[in-house]
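What follows is a short report on a single structure.
Remember, it's 1-based here, ligands and their atoms both numbered in the order they're listed. For the single chain, residues carry numbers from 1 onward in sequence order.
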Amino acid sequence: MNTKSDIYMWNRAAETISRADLQELQLARLKKTLTDVYASVPTIARRMDDCGFGQKQIDGMSLQDLKHLPFTRKTDLRENYPFGLFARPMDDIVRLHASSGTKGKPTVVGYTHKDIETWAEACARSLAAASARPSDLIHNSYGYGLFTGGMGMHYGAERLGATVVPASGGRTQQQIMLLQDFGSRILLSTPSYALNMAYTMAEMGVARDSIKLEVGIFGAEPWTEEMRQQLENVLQIKALDIYGLSEVMGPGVSIECYHGRQGLHIWEDFFLPEIIDPVSGEVLPEGSEGELVFTSLQKEAIPVIRYRTGDLSTLTSEPCPCGRTMRRMARVRARLDDMLIIRGVNLYPSEIEKCLLSLEEIAPHYQLVVDRQKALDTLDIHVEVTEAMIQKWGCFEDGEMHLKALSGEIKKLLKDSLGLTASLVLMKPGSIPRSEGKAVRVVDKRK
Ligand code: DLL
């Protein structure tokens, strides 16, 4: 058992800062951020004026006054596409990233040299908290490109001094060969892609002891404790959760530490968190579940004030066995945008994932197909049965009777735990599209 002082940290002074020193630092950085935004981003400055928050109020503010500032939303980035919320001239911008833009124009974010430095520091701290060391080989399967995952973690791994394998997503069989040949100890990927890799390994007949993976650092999409157990069982690794979003920086906003694994430490000297009631916008006390909101404290190119993430979580400042003092957020339970309303029942895909993954006969591959019939929303749950099931019951068709019983069992489970009457479509192994990045869990045919 490590004692706190044995535990390796990338930046011990920052990571174990006292609450009083942290708050002093946060306030100074908050004032600087607000001053920059007020002077350089007219859209937000107008809003601050409307709330009676000008330079005088910034100068005299305390951290408690944050709640009087206006929120920023994803729509603000879209409406000011592409560079309207930048606080620095384009000459200072050295990198752009953007969201996929499946729901309209992408949201574009920019970085100055210093932003890239801050981000690399946040990711280096995160990797170290997840047990990475300069001597490690890190296999990075987060997508490289406009998505922040690949390059964000890449710079963090290099900052740490580790050896990074910039694999990106896709070409899975080749990635597995590289895992065997290079001997990476740490895998960075979305949980759904890690699962895809695990199943591909099994299909290729790759023996587990031919790869050296010990730790997976998974994020970029909602996942459940049940999914963690699946990943830990099939890959025989320790799976840790990493969180972030492009508008606030990218990956590395928070991470579960290897030693405590009780929530994700937020790098609060860079990102100031709040939890609010998503309907009223009121700030909620510590421990209550609500929408996560972040204010950036060290960003230059596109500082964000009270950015509404749409992610549901809670905050805690209970001490962590690792000795880090930064507050932690709980695993994101769901994304507000993902909520489905099926015949009056509100539910999130992650709640369905929890149910499905508790059944042994089911492979952890699923997709939810939402449609509308006569003004009523319908939900079809597509889920694969396992190869073992098929072997046990002969071919798919011969097992019909048993599969009927199985689908009855799943339906009952969903009804009992979620109050949901869903129609279930049992699929053959391999028939649900495999993820190479963020999994598409919901196919919404109403749109
Ligand atoms: O997904 C950044 C990232 C890359 C995080 C790699 C972690 C690892 P975006 O594409 O802007 O950025 O998507 C951000 O993804 O608001 C959450 O809804 C979701 N998300 C990110 N991490 C997690 C996580 C990256 N650990 C959006 N658990 C966020 C649940 C997550 N949801």
Side-chain angles (χ1 to χ4, degrees), residues 72-74 77-78 96-103 106-109 111 119 122-123 126-127 129-130 138 140-157 166-169 186-194 216-228 231 239-257 261 263-267 271 273 278 291-294 296 302 304 307-314 328-339 348-351 353-354 435-442:
T72 310
R73 295 177 167 80
K74 207 180 194 75
L77 277 97
R78 293 219 176 96
L96 296 173
H97 281 286
S99 72
S100 59
T102 42
K103 291 179 185 161
T107 48
V108 179
V109 287
Y111 302 78
W119 190 14
C123 288
S126 302
L127 287 165
I138 300 182
N140 187 8
S141 298
Y142 285 118
Y144 283 65
L146 286 174
F147 174 53
T148 52
M151 291 186 75
M153 296 309 289
H154 183 105
Y155 275 60
S168 198
I186 294 180
L187 172 65
L188 313 179
S189 83
T190 59
S192 59
Y193 188 57
I217 303 180
F218 302 136
E221 62 186 7
W223 57 308
T224 54
E225 274 309 310
E226 287 71 12
M227 182 63 88
R228 186 197 320 256
L231 285 166
L240 300 170
D241 193 1
I242 183 165
Y243 171 84
L245 62 167
S246 349
E247 295 84 350
V248 173
M249 192 62 118
V253 170
S254 64
I255 185 135
E256 271 177 340
C257 58
R261 221 168 73 158
L264 296 81
H265 289 279
I266 299 170
W267 305 122
F271 316 108
E291 181 178 354
L292 254 178
V293 169
F294 283 105
S296 66
I302 175 164
V304 283
Y307 185 77
R308 292 186 65 155
T309 63
D311 296 325
L312 287 177
S313 183
T314 55
R328 282 162 289 146
M329 54 182 265
R331 159 195 292 289
V332 169
R333 188 170 68 81
R335 256 192 313 235
L336 286 161
D337 276 359
D338 287 348
M339 192 179 81
Y348 292 103
S350 49
E351 295 174 299
E353 179 177 300
K354 264 182 183 302
S435 152
E436 294 196 339
K438 296 190 189 232
V440 180
R441 294 297 189 201
V442 180

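Note on ring orientation: taking the six-membered ring where Trp is involved, the planes of H97 and W119 are perpendicular (angle over 60°, cut-offs 30° and 60°).
Under the 4.5 Å side-chain criterion, counting only non-hydrogen atoms from C-beta, S350 is not in contact with R441. You'll find the side chain of M249 stays beyond 4.5 Å of the side chain of S296, heavy atoms only. Looking at heavy atoms from C-beta onward, R335 lies out of side-chain contact with P349 at the 4.5 angstrom threshold.
For ligand 1, the atoms lying closer than 4.0 Å to a non-hydrogen atom of G219 are 7 (C), 8 (C), 26 (N). For ligand 1, the atoms lying closer than 4.0 Å to a non-hydrogen atom of T148 are 2 (C), 12 (O). Numbered from 1 in the order shown, with element, the atoms of ligand 1 that lie under 4.0 Å from a heavy atom of V332 read 30 (C). Within ligand 1, counting atoms from 1 as listed, the ones closer than 4.0 Å to a heavy atom of D241 are 24 (C), 26 (N). Contact atoms of ligand 1 toward G149: 4 (C), 6 (C) (distance under 4.0 Å to a heavy atom of the residue). Each of the atoms 6 (C), 8 (C) of ligand 1 lies under 4.0 Å from some heavy atom of Y142.
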Report task. Evaluate the criterion salt bridge (charged side-chain N to carboxylate O under 4.0 Å, His left out) for residue pair R228 and E225; output intermediate values, then yes/no. Result -> CA-CA 5 Å; R228 186 197 320 256; E225 274 309 310; 2.9 Å; yes
Report task. Would you check, one step at a time, whether the test salt bridge (charged side-chain N to carboxylate O under 4.0 Å, His left out) holds for E256 with R261? Result -> CA-CA 5 Å; E256 271 177 340; R261 221 168 73 158; 5.1 Å; no
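Residue-to-ligand polar distances place A220 within reach of ligand 1: an N/O pair is separated by less than 3.5 Å. Considering backbone and side-chain N/O of I242, one or more are found under 3.5 Å from N/O of ligand 1.
The CD atom of E221 sits 10.5 Å away from atom CG of D338, with the distance rounded to the nearest 0.5 Å. Taken from OG in S126 to CG in L188, the straight-line distance is 10.5 Å, to the nearest 0.5 Å.
Here the heavy atom of the protein found nearest to atom 2 (C) of ligand 1 is G244 O, 3.5 Å. When hydrogens are left out, the protein atom nearest atom 10 (O) of ligand 1 is K438 NZ, 2.9 Å; that is the closest non-hydrogen contact. The closest protein non-hydrogen atom to atom 11 (O) of ligand 1 is S246 OG, 2.4 Å. Among all protein heavy atoms, the one lying closest to atom 18 (O) of ligand 1 is D311 OD1, 2.6 Å.
For the pair S99 and ligand 1, no heavy-atom separation below 4.0 Å is found. The closest approach between a heavy atom of M153 and any atom of ligand 1 is not below 4.0 Å.
Counting heavy atoms closer than 4.0 Å to ligand 1, residue E221 contributes backbone atoms (N, CA, C, O) but none from C-beta onward.
Checked by atom type, the side-chain pair S99/T107 shows a donor-acceptor distance below 3.5 Å.
When all heavy atoms are compared, the tightest approach of F294 to P273 is CE2-CB, 3.7 Å.
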